[in-house]
Amino acid sequence: MYVSTSRMFYAMAAIAAAGWIVWSATHVFLTIPIRCVSTVNLNVAACRRLVDTYPKENDVMNDPALTDILATADAAKSKIVLLNSTDLFKVGEIVGLRVVIRNGRGKKREQGGDIVRLWLTTGGTKRSSMIGSVTDNRDGTYTIPVKVFIPGEFQVKAMIANSRESLRTLYRIRGVGANLQLDRGRFINGNLSEATPCNPLLSAFGGEQACDLTEINYGMPFYCGSPSSPGLSCRDWKYNEPINRSGVAISLTPMEELLLSREKFWKRLPSRIRVVVLEGWTREKLPDCQSLDKQRLWDQRPPVGFFKNGMWSNVLCDADRDRRRYKRCLEGKRVLFFGDSLSRQMFVKFGDMAGGKIVTNWTGGAWHKPLKYVNPAINLTASWVAHSMPFMSYIFISEFNKGLSSLLAEIGPREDVIILISHHTHIIPYHHSAFKERLDIYQRVIRTFLKRNPKATVFIKGMTVWNSDSVILSDSFGELFNNIIRCSLSGISQRLIYLDHMDMGIMSENKELHPPEGVVEEMVHNMLGFVC
């Protein structure tokens, strides 16, 4: 079967949008020239939220190649400046701060584009923390006003998550034509077996023949290189498996390799600035999170919340953290967690908080199979399902993973259901146009579902941050991917509840890909506060 790439994609998107897909084992064997996907510049979209805080792909890709490692940002030589004339404040006032980025020679940077984050914290496991909204002044300085919501003594902390130069390299690695090799498809026919690289972007194959697995991937674009062994064809694809290496397929310059080795982790700026916040302004009474106009969550810029003694508070609304109330409001409901390991963490924590037990176990190699939770006392059920490819693990798509359209098709038109949709790490290694392609399909699928089931509550969880040593799993594109969520879902955002957990990740100083249990618990409290 031969098919035009453009006709194939839009046909699959239309089918997915309708909420019904007929699955078969047929895979399209592509022998036509590959059409490169144009660069998606979401920073200038009408629905933009990043304003001047995030470097545009076209801007950094037009920078000259790096030839001097000492010309890049050096956190140890950079500084934080307190702009106020005092370090004593009252609740409700603004702490004015500026970050000045210097290079390895101690010279101030002449342009912006470094990913800078700043927050105030008491430290400790039960920390109180507040964050500011970063404005890139495009001259090597960053202005960060921090509104203080709670009293206490706070240390000012700041980091460079990535320099402009390393971000350029990460963009280049993820370019629309770059064949990132993070996992591979396994084709088997009798004693014959072959594995080929896979990618959600057809352009990654550079004109080489590829097998189109979009149909069995629940309408989500996904391709694997066609097997070259005689006796094997696209129809012989069985599963995907990870490749145990960095996945970088392009040639990096020695300077780029040195740069990325230096910027594996967050770079902390030296700081001795401490501020004292006294009781003062009485915070106005906020609406209950259940009654809040949910569109405000999509329009919000940092800060979206703060930590007080380890507990998360929203800036826009108040939420009840009473677990007994949770059980009362969840009685008779079904809760679905759709995503990857972070949504699985939230599912497990949700079960702990709502009582009952998880009745599915991962045994006998059934990794990533759906999980189920029940609490018969209140007729509550919950489940977790892994999203479709790309998913960097040993995956049998048709057996365990689900597409959003397939998941929603199983829900009755009058069922009282709560759904959390989350993407954490498995899509972020690829060029952001792959994520936009997926979210555009999600928008149509969710719109159709909500017309059929107006009682459903749908949460969209934004990406958070982590301190990873992996070039591929860098969190530096989290803000960009969250902007894609806002842009692609803007047409139905008034029906969706957006969980922005970027601030939470930064202030909790999350060191691992998976947040600690206490942070996950706050994520679940944040979710339930909008429905209970």
Rounded to the nearest 0.5 Å, what separates atom [atom1] in [X] from atom [atom2] in [Y]?
{"X": "I484", "Y": "K436", "atom1": "CD1", "atom2": "NZ", "value": "8.0 Å"}
{"X": "S405", "Y": "M220", "atom1": "OG", "atom2": "CE", "value": "6.0 Å"}
{"X": "Y223", "Y": "S203", "atom1": "OH", "atom2": "OG", "value": "9.0 Å"}
{"X": "E437", "Y": "I427", "atom1": "CD", "atom2": "CD1", "value": "9.5 Å"}
{"X": "Y171", "Y": "N58", "atom1": "OH", "atom2": "CG", "value": "9.0 Å"}
{"X": "T135", "Y": "R138", "atom1": "OG1", "atom2": "CZ", "value": "10.5 Å"}

How close do [X] and [Y] get, counting heavy atoms only, and between which atoms?
{"X": "P221", "Y": "T214", "result": "CA-OG1, 3.4 Å"}
{"X": "S493", "Y": "S490", "result": "OG-O, 3.2 Å"}
{"X": "N240", "Y": "G185", "result": "OD1-CA, 3.5 Å"}
{"X": "S488", "Y": "L439", "result": "CB-CB, 3.6 Å"}
{"X": "R414", "Y": "N453", "result": "N-ND2, 4.2 Å"}
{"X": "G219", "Y": "I441", "result": "O-CD1, 3.6 Å"}

Indicate yes or no: does [X] engage [Y] in a salt bridge with an N to O separation below 4.0 Å.
{"X": "R344", "Y": "D340", "answer": "no"}
{"X": "E241", "Y": "R184", "answer": "yes"}
{"X": "R117", "Y": "D503", "answer": "no"}
{"X": "R164", "Y": "D136", "answer": "no"}
{"X": "R172", "Y": "E57", "answer": "no"}
{"X": "E479", "Y": "R486", "answer": "no"}
{"X": "R321", "Y": "E522", "answer": "yes"}

Quick check on [X]: does its [atom1] atom have over 12 non-hydrogen neighbours (other residues, nucleotides or ligands) under 6.0 Å away?
{"X": "R452", "atom1": "CZ", "result": "yes"}
{"X": "E517", "atom1": "CD", "result": "no"}
{"X": "E512", "atom1": "CD", "result": "no"}
{"X": "K372", "atom1": "NZ", "result": "no"}

Does any donor atom in the side chain of N314 or N526 lie under 3.5 Å from an acceptor atom in the other side chain?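 Short answer, yes.
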
Under 6.0 Å between the ring centres of F435 and Y430?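 No, the ring centres sit 6.0 Å or more apart.
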
Ring centres of Y442 and H423 under 6.0 Å apart?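 Yes.
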
Residue pair I216, F222: steps toward the side-chain contact (heavy atoms from CB on, under 4.5 Å) verdict: CA-CA 9 Å; I216 63 168; F222 196 69; over 6 Å; no

Decide yes or no for [X] and [Y]: does some side-chain heavy atom of the first lie under 4.5 Å from some side-chain heavy atom of the second?
{"X": "E521", "Y": "M311", "value": "no"}
{"X": "L380", "Y": "R334", "value": "no"}
{"X": "K294", "Y": "L496", "value": "no"}
{"X": "D299", "Y": "Q295", "value": "yes"}
{"X": "I485", "Y": "W298", "value": "yes"}
{"X": "F477", "Y": "L167", "value": "yes"}
{"X": "S133", "Y": "I144", "value": "no"}
{"X": "N510", "Y": "N467", "value": "no"}

Listed once per pair and sorted, the ring pair (Phe, Tyr, Trp, His ring centres under 6.0 Å) pairs that draw on residues 509-532, sequence neighbours left out: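 Of all non-adjacent pairs touching residues 509-532, those that pass ring pair (Phe, Tyr, Trp, His ring centres under 6.0 Å) are Y326-H525.
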
Would R444 and D440 count as a salt bridge (Lys or Arg N to Asp or Glu O under 4.0 Å) if you check the C-alpha gap in whole Å, the side-chain angles of each, and the deciding distance to 0.1 Å? CA-CA 7 Å; R444 295 187 287 272; D440 287 346; 5.6 Å; no

According to side-chain contact (heavy atoms from CB on, under 4.5 Å), who are the partners of [X], at least two apart in sequence or on a separate chain?
{"X": "K308", "value": "S128, I150, F306"}
{"X": "L286", "value": "R283, E284, D318"}
{"X": "S129", "value": "T121, R127, F307, M507"}
{"X": "N379", "value": "none"}

Step-by-step side-chain contact (heavy atoms from CB on, under 4.5 Å) determination, L330 to F350: CA-CA 11 Å; L330 293 171; F350 170 84; 3.6 Å; yes

Under the 3.5 angstrom rule, does the side chain of [X] hit a backbone N or O of [Y] as a donor-acceptor pair?
{"X": "Y142", "Y": "D114", "result": "yes"}
{"X": "S508", "Y": "G505", "result": "yes"}
{"X": "Y373", "Y": "G355", "result": "yes"}
{"X": "H424", "Y": "L513", "result": "yes"}
{"X": "K451", "Y": "R447", "result": "no"}
{"X": "N199", "Y": "L201", "result": "yes"}

Step-by-step side-chain contact (heavy atoms from CB on, under 4.5 Å) determination, R438 to H387: CA-CA 11 Å; R438 175 167 294 223; H387 64 68; 3.9 Å; yes

Extract all donor-acceptor atom pairs below 3.5 Å that involve side chains of residues 456-466 and protein atoms in other chains or at least two apart in sequence.
{"unit_1": "K461", "atom_1": "NZ", "unit_2": "H501", "atom_2": "ND1", "d": "3.4"}
{"unit_1": "T464", "atom_1": "OG1", "unit_2": "H501", "atom_2": "O", "d": "3.1"}
{"unit_1": "W466", "atom_1": "NE1", "unit_2": "L473", "atom_2": "O", "d": "2.6"}

Is the SG-SG separation for the cysteine pair C211 and C224 below 2.5 Å?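 Cysteines C211 and C224 do not qualify as a disulfide pair, their SG atoms being 2.5 Å or more apart.
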
What verdict does the side-chain contact (heavy atoms from CB on, under 4.5 Å) test give for V335 and L420, after you've listed the backbone C-alpha separation in whole Å, the side-chain angles of each residue and the deciding distance to 0.1 Å? CA-CA 8 Å; V335 184; L420 174 84; over 6 Å; no

Between S388 and N401, is the side-chain hydrogen bond (donor to acceptor under 3.5 Å, both in side chains) condition met? List the steps. CA-CA 5 Å; S388 54; N401 290 50; over 6 Å; no

